[in-house]
Colleague: 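Take this structure, written in structure tokens, and hold onto it; I'll ask about it next.
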Number of protein chains: 2
Amino acid sequence: MEATAIMMNSNIQLTSRDKAVLMKAPFLNSLGGSSLVNMLATMGVQTLAARATVFREGENAEAFYCVLSGYVRLYRLSRDGREADIRICAPGDTFAECLLYTDQKYPFHAQATETCTIAHFDLEAVKSLAEHDPEVARAIMASLSRHLLSTMECVANDRLFTAPQRVANYILSRCPVDGGPASIRLPFQKSLLAGMLGLAPEALSRAFSSLRKTGVTVRGRMIQVVDVQALRQI
Amino acid sequence: MEATAIMMNSNIQLTSRDKAVLMKAPFLNSLGGSSLVNMLATMGVQTLAARATVFREGENAEAFYCVLSGYVRLYRLSRDGREADIRICAPGDTFAECLLYTDQKYPFHAQATETCTIAHFDLEAVKSLAEHDPEVARAIMASLSRHLLSTMECVANDRLFTAPQRVANYILSRCPVDGGPASIRLPFQKSLLAGMLGLAPEALSRAFSSLRKTGVTVRGRMIQVVDVQALRQI
DNA sequence: CGGATCCTTGAAGATGATCAAAGTTAGTGG
DNA sequence: CCACTAACTTTGATCATCTTCAAGGATCCG
């Protein structure tokens with residue numbers, strides 16, 4: 001496919017796994033033909049070491065991003081140096097595309113939580129693409145809608161549920177089955193999950209132990225659930 | 001203007017104040033010519049009594065909305081009946097436009113907090129408008145971006161700041177001046193502000209009294225600030 | 001003027017943050 | 001492959017914050 005050719009030319013470092021993630025990303029997989037080719041033409045790829053900064057709050061926004069491998073953490077700092085995570089971006093997720101039509105400064109920090117490969121798209125270039133290509137505009141609207149919905153869900157979860165309930169929700173959201181026993185593996189460190197749920201690491205740890213009586217066993221990154229239905233009652 | 005003509009024909013009940021709000025709404029004020037005419041052609045207007053429901057979580061989504069007068073509350077319910085506000089929509093705000101490209105069910109409840117006039121836009125109609133009209137697509141992207149940014153800000157605020165700090169932030173955001181004394185009037189009930197900040201009404205009340213020592217005086221809906229700069233240090 | 005709603009205040013309890021220290025895991029280099 | 005270090009996680013103890021429940025005041029609107 002033409003798109004693949006362009007992509008490989010300008011970005012030798014893309015592994016085949018990264019390419020697969022990129023093409024399956026919700027933001028791109030609805031695009032085809034010239035829309036896809038044009039989007040990929042504005043794209044660059046970069047690799048980040050663990051804890052590396054993607055951008056800082058207040059910097060001029062020049063690009064939005066798509067995670068190809070690893071996890072990127074979006075967070076804010078308070079004046080006294082405390083951090084609050086806003087979103088954890090998994091492979092396939094885009095972030096900062098909300099700056100296309102608004103601010104010209106990044107409104108939060110973005111940091112690689114481990115070794116990461118991320119694609120960047122020039123904001124100006126995509127903006128003018130979107131003006132002329134309804135398919136691109138559609139993809140952006142879909143992506144923004146999805147993020148808005150999940151962020152509103154996050155507000156509601158923070159305000160309605162306690163720590164054990166939020167942890168249970170998270171486990172359930174990653175359980176492949178509807179009932180009976182299940183076993184999942186955390187894709188990242190527990191401290192990252194804690195931040196994602198708006199908790200201190202200690203609070204996450206205590207939430208896990210309070211879930212033991214509901215049949216949740218944690219060993220390292222493995223989580224075993226005796227009965228998924230029972231967990232839903234929390 | 002043509003647009004005004006269409007609007008008035010199909011919606012006799014629009015007051016001139018409502019019309020002004022509508023045309024200044026961020027979602028519409030970037031539109032002109034046929035884009036505006038087409039948008040307004042898909043629009044209807046309705047008046048709601050205090051506490052009336054706009055839609056319920058789980059209902060089929062057929063329209064998104066723009067508030068013309070009054071305030072609309074978006075909220076979620078937990079299984080035990082507790083409510084958590086997600087957003088308070090002021091005149092000029094749109095809501096539920098995030099359903100254009102995603103779910104077909106409303107993911108939260110929407111309720112008029114007082115007598116309200118709201119405009120509704122058919123989701124399907126606007127969706128096909130956006131496909132053909134880059135100006136409409138652009139307006140939708142801008143609106144979604146704005147809401148996503150403010151919702152992320154809300155998550156960060158909830159996680160970083162205490163009740164008095166959030167109240168101080170709110171006051172500062174509505175202060176017309178940068179320093180010295182200021183006086184503002186709440187546009188709605190305190191219980192609504194409490195929910196907006198993720199607090200119980202009692203917690204808001206206590207936050208106000210704890211701000212007294214920082215020069216904040218509250219009498220009914222009037223808030224007086226002795227020194228705006230001092231409030232910023234909270 | 002009167003009833004309903006809204007707001008404030010008090011007291012008690014739940015929840016989660018913070019700090020400190022011990023225990024685990026994982027990664028590195030010999 | 002093992003040992004060792006650094007990073008991460010758990011646990012305990014304490015504290016701040018906010019919620020809940022209850023009751024008394026204030027305010028608003030008919």
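Reminder, nothing fancy here: chain letters follow the sequence lines and each chain counts from 1. What you see is a predicted model, and the numbers here were worked out from it, not measured in a lab.
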Colleague: Roughly how many Å is it from CD in A:E114 to P in D:dA7, rounded to a whole number?
Modeller: 17 Å
Colleague: Kindly give the heavy-atom pair with the smallest separation between B:A25 and B:G92, and that separation in Å.
Modeller: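 Scanning both residues completely, I find the closest heavy atoms to be CB-O, 3.5 Å.
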Colleague: Considering every strand and a 4.0 Å limit on heavy-atom distances, what is the contact class for B:L199: base, sugar-phosphate, or nothing?
Modeller: sugar-phosphate
Colleague: For the base of D:dT17, is there a side-chain donor-acceptor partner from B:R159 under 3.5 Å away?
Modeller: no
Colleague: 5'-most contact on DNA chain C: B:S209 or A:A203, nearest heavy atom basis?
Modeller: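 The residue mapped nearer the 5' terminus is B:S209.
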Colleague: Would you say the side chain of B:E202 and the base of D:dC21 hold a donor-acceptor pair, judged only by whether the two atoms sit under 3.5 Å apart?
Modeller: yes
Colleague: Does C:dT18 have OP1 or OP2 sitting under 4.0 Å from an N or O in the side chain of A:R82?
Modeller: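 Answer yes for this pair, as a side-chain N or O of A:R82 is under 4.0 Å from OP1 or OP2.
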Colleague: Return the orientation label for the A:F64 and A:F27 ring planes: parallel under 30°, perpendicular over 60°, tilted otherwise.
Modeller: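 Correct class here is perpendicular.
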Colleague: What nucleotide among D:dT19, C:dG16, D:dT9 has an atom nearest to a side-chain atom of A:K190?
Modeller: D:dT9
Colleague: So, OP1 or OP2 of C:dC7: does either fall under 4.0 Å of a side-chain N or O from B:S191?
Modeller: yes
Colleague: Take A:R219 and A:G198, find for each the nucleotide of DNA chain C with the closest heavy atom, and name the residue whose nucleotide sits nearer the 5' end.
Modeller: A:G198
Colleague: Looking only at side chains, do A:R166 and A:Y170 share a donor and an acceptor under 3.5 Å apart?
Modeller: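 Distance-only check fails for A:R166 and A:Y170.
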Colleague: Heavy atoms from C-beta onward define the side chain here; which of C:dG16, C:dT18, C:dA11 lies closest to that of B:R206?
Modeller: C:dA11
Colleague: Give the rounded distance in Å between these two atoms: CG of A:L197 and P of C:dT15.
Modeller: 17 Å
Colleague: Base, sugar-phosphate, or nothing for B:R221, non-hydrogen atoms under 4.0 angstrom?
Modeller: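 Nothing, no heavy atom under 4.0 Å.
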